[in-house]
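As the structure is a computational prediction, the values presented were derived from the model and not from experiment. Values below: all heavy atoms of this structure, side chains included; hydrogens, waters and symmetry mates excluded. Numbers here are sequence positions counted from 1.
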Amino acid sequence: MRWSTVKNLMLGLLIAMNIFMTGASVLKRVESERIPPLVAAAAADALNNNGIKCAPGLLPDRYLTVRTFSGGFPTAIELSRMFFGEELAFQTEGRTLIARHDGAELRVEDTRFSYTGGGEPVKADEKALRRAMEELGLDMSRAGYDGNGEFALICDGRPVFGMYLRAAIDGDGNVVSVEASWPGVDFADRRRSGISIIDHIPEMLELFPDGATVKNLEAGYTLVRNENTETYSFEPAWRVTVDGGRTEIIS
């Protein structure tokens, strides 16, 4: 047998082995992410026995693997530069910092801020609003748009609960108003696996002691503040919506 033929056979064998090993690895991962039926059934029984109705299809049948993130919010000084082009002096009103210039006002409190300026707001499309916010210096790369002038923060395809940005501009594209809780986001390489709402059944029982009917379960993130570094981590969480429109965040 010629050496070239032997090499081709060996190469073909190696490719076949790689395909087999890749398939086996994917199958193993899929199996490891599947929630055992007995565990899912026990979770459903625990809810039903405590008056919380949850259709079987709402409880996930797989564990999630999610990437975690870190980030922080712009300071009052940074926001002053964004909206006024300079560092203005702030007045205090309780926990709120207030800066005013030429009829415009910026208010900053904890993780939220609002700005109101001059001009008449007009109906603007997503592209125009994004451009106006980016020109201010706000990062809109992870913003999802709802069609009504409001953006939600999306990380790795999932919402960061409670993070939003509402904006209005005038006919020339100048900012008329902004209201937001909008952190900057840094990627982290860390991943967490085995995430499921089933692990939070006890919290659900505490939140709805009188019972409820679960209408929707949504996986996302919630912000957790590090008191030592003043930074935030984006941790896996669930938004539970029940009858009557009530929502609770569980993490």
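Scored by the salt bridge (charged side-chain N to carboxylate O under 4.0 Å, His left out) test, Asp139 finds Arg142 as partners (sequence neighbours excluded). In this view, Ser233 and Val224, Glu235 satisfy the side-chain contact (heavy atoms from CB on, under 4.5 Å) rule, not counting sequence neighbours. Take Phe234 and apply the ring pair (Phe, Tyr, Trp, His ring centres under 6.0 Å) test, not counting sequence neighbours, and it matches no residue. A search for side-chain contact (heavy atoms from CB on, under 4.5 Å) contacts involving Asp210 returns nothing, not counting sequence neighbours. Under the salt bridge (charged side-chain N to carboxylate O under 4.0 Å, His left out) criterion, Glu93 pairs with Arg107, sequence neighbours left out. Glu134 meets the salt bridge (charged side-chain N to carboxylate O under 4.0 Å, His left out) test with no other residue; sequence neighbours excluded.
Each of Ile98 and Phe90 belongs to its own hydrophobic cluster when Ile, Leu, Val, Met, Phe, Trp and Tyr are linked at side-chain heavy-atom distances under 4.5 angstrom. Under a hydrophobic clustering in which Ile, Leu, Val, Met, Phe, Trp and Tyr are joined whenever their side-chain heavy atoms come within less than 4.5 Å, directly or via other members, Tyr115 and Val122 fall into different clusters. Following chains of ILVMFWY side-chain contacts shorter than 4.5 Å, one cannot reach Leu106 starting from Val176, and the two form parts of different hydrophobic clusters. Under the 4.5 Å side-chain heavy-atom criterion for Ile, Leu, Val, Met, Phe, Trp and Tyr, Leu79 and Tyr164 are members of distinct hydrophobic clusters. Taken together through direct or relayed side-chain contacts under 4.5 Å among Ile, Leu, Val, Met, Phe, Trp and Tyr, Phe161 and Met204 form parts of separate hydrophobic clusters.
Pairing each heavy atom of Ser193 with each of Thr65, the nearest pair is CB-OG1, 3.5 Å. Closest approach of Glu206 and Pro209 over heavy atoms only: O-CD, 3.3 Å. Closest of all the heavy-atom pairs between Ser251 and Ala237 is CB-CB, 3.8 Å. Minimum heavy-atom separation, Gly220 to Arg158: CA-CB, 3.9 Å. The two residues Met82 and Gly137 have their closest heavy-atom pair at CE-O, 3.9 Å. Counting all heavy atoms, side chain and backbone alike, Gly162 lies closest to Arg112 at O-NH2, 4.4 Å.
No side-chain donor-acceptor contact under 3.5 Å links Asn174 to the backbone of Asp170. Under a 3.5 Å cut-off, the side chain of Asn148 and the backbone N or O of Glu150 do not form any donor-acceptor pair. Under the 3.5 Å distance criterion, the side-chain polar atoms of Ser80 are matched with a main-chain donor or acceptor of Glu86.
Here OH of Tyr232 is found 5.5 Å from OG1 of Thr111. Values are rounded to the nearest 0.5 Å. To the nearest 0.5 Å, atoms CD1 (Ile198) and CG (Leu59) are separated by 5.5 Å. A distance of 11.0 Å separates CG of Leu88 from CZ of Arg81, quoted to the nearest 0.5 Å. A distance of 7.5 Å separates CG in Asp110 from CZ in Arg225, rounded to the nearest 0.5 Å. Interatomic distance, CD of Glu109 versus CG of Leu97, reported as 9.0 Å (0.5 Å rounding). Leu205 contributes atom CG, which lies 4.5 Å from atom CG of Asn50 (distance to the nearest 0.5 angstrom).
Taking 4.5 Å as the limit, every side-chain heavy atom of Glu126 sits out of range of all side-chain heavy atoms of Leu129. Contact of the Val185 side chain with the Leu153 side chain is registered, since non-hydrogen atoms from C-beta on lie closer than 4.5 Å. Tyr145 is not listed as a side-chain neighbour of Lys127, based on a closest heavy-atom distance of 4.5 Å or more. Leu217 is listed as a side-chain neighbour of Val240, based on a closest heavy-atom distance under 4.5 Å. Put simply, the side chain of Pro60 reaches to within 4.5 Å of the side chain of Ser196, judged on heavy atoms. At a threshold of 4.5 Å between non-hydrogen side-chain atoms, the residues Val242 and Thr213 do not count as touching.
No close placement of the Phe113 and Phe73 rings is indicated, their centers lying 6.0 Å or farther apart.
Other residues, nucleotides and ligands contribute only 12 or fewer heavy atoms inside 6.0 Å of the CD atom of Glu120.
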>> side-chain contact (heavy atoms from CB on, under 4.5 Å), that's the test. Do Phe151 and Arg130 meet it? Break it down for me.
In response: CA-CA 9 Å; Phe151 295 88; Arg130 280 182 180 273; 3.8 Å; yes
> So Arg100 and Gln91, side-chain contact (heavy atoms from CB on, under 4.5 Å) or not? Walk me through it.
Replying inline: CA-CA 9 Å; Arg100 298 184 177 94; Gln91 300 175 337; 3.1 Å; yes
> Could you walk me through whether Asp243 and Lys215 pass the side-chain contact (heavy atoms from CB on, under 4.5 Å) check?
Replying inline: CA-CA 6 Å; Asp243 49 336; Lys215 297 297 184 181; 4.0 Å; yes
>> Apply side-chain contact (heavy atoms from CB on, under 4.5 Å) to residues Arg246 and Phe208 and explain how you reach the verdict.
In response: CA-CA 10 Å; Arg246 177 184 171 188; Phe208 308 106; 3.5 Å; yes
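Between Tyr221 and Phe69, the ring planes are perpendicular. Angles over 60° get that label, and only those under 30° would be called parallel.
Ion pairing between Arg166 and Glu179 holds under the 4.0 Å rule for side-chain N and carboxylate O.
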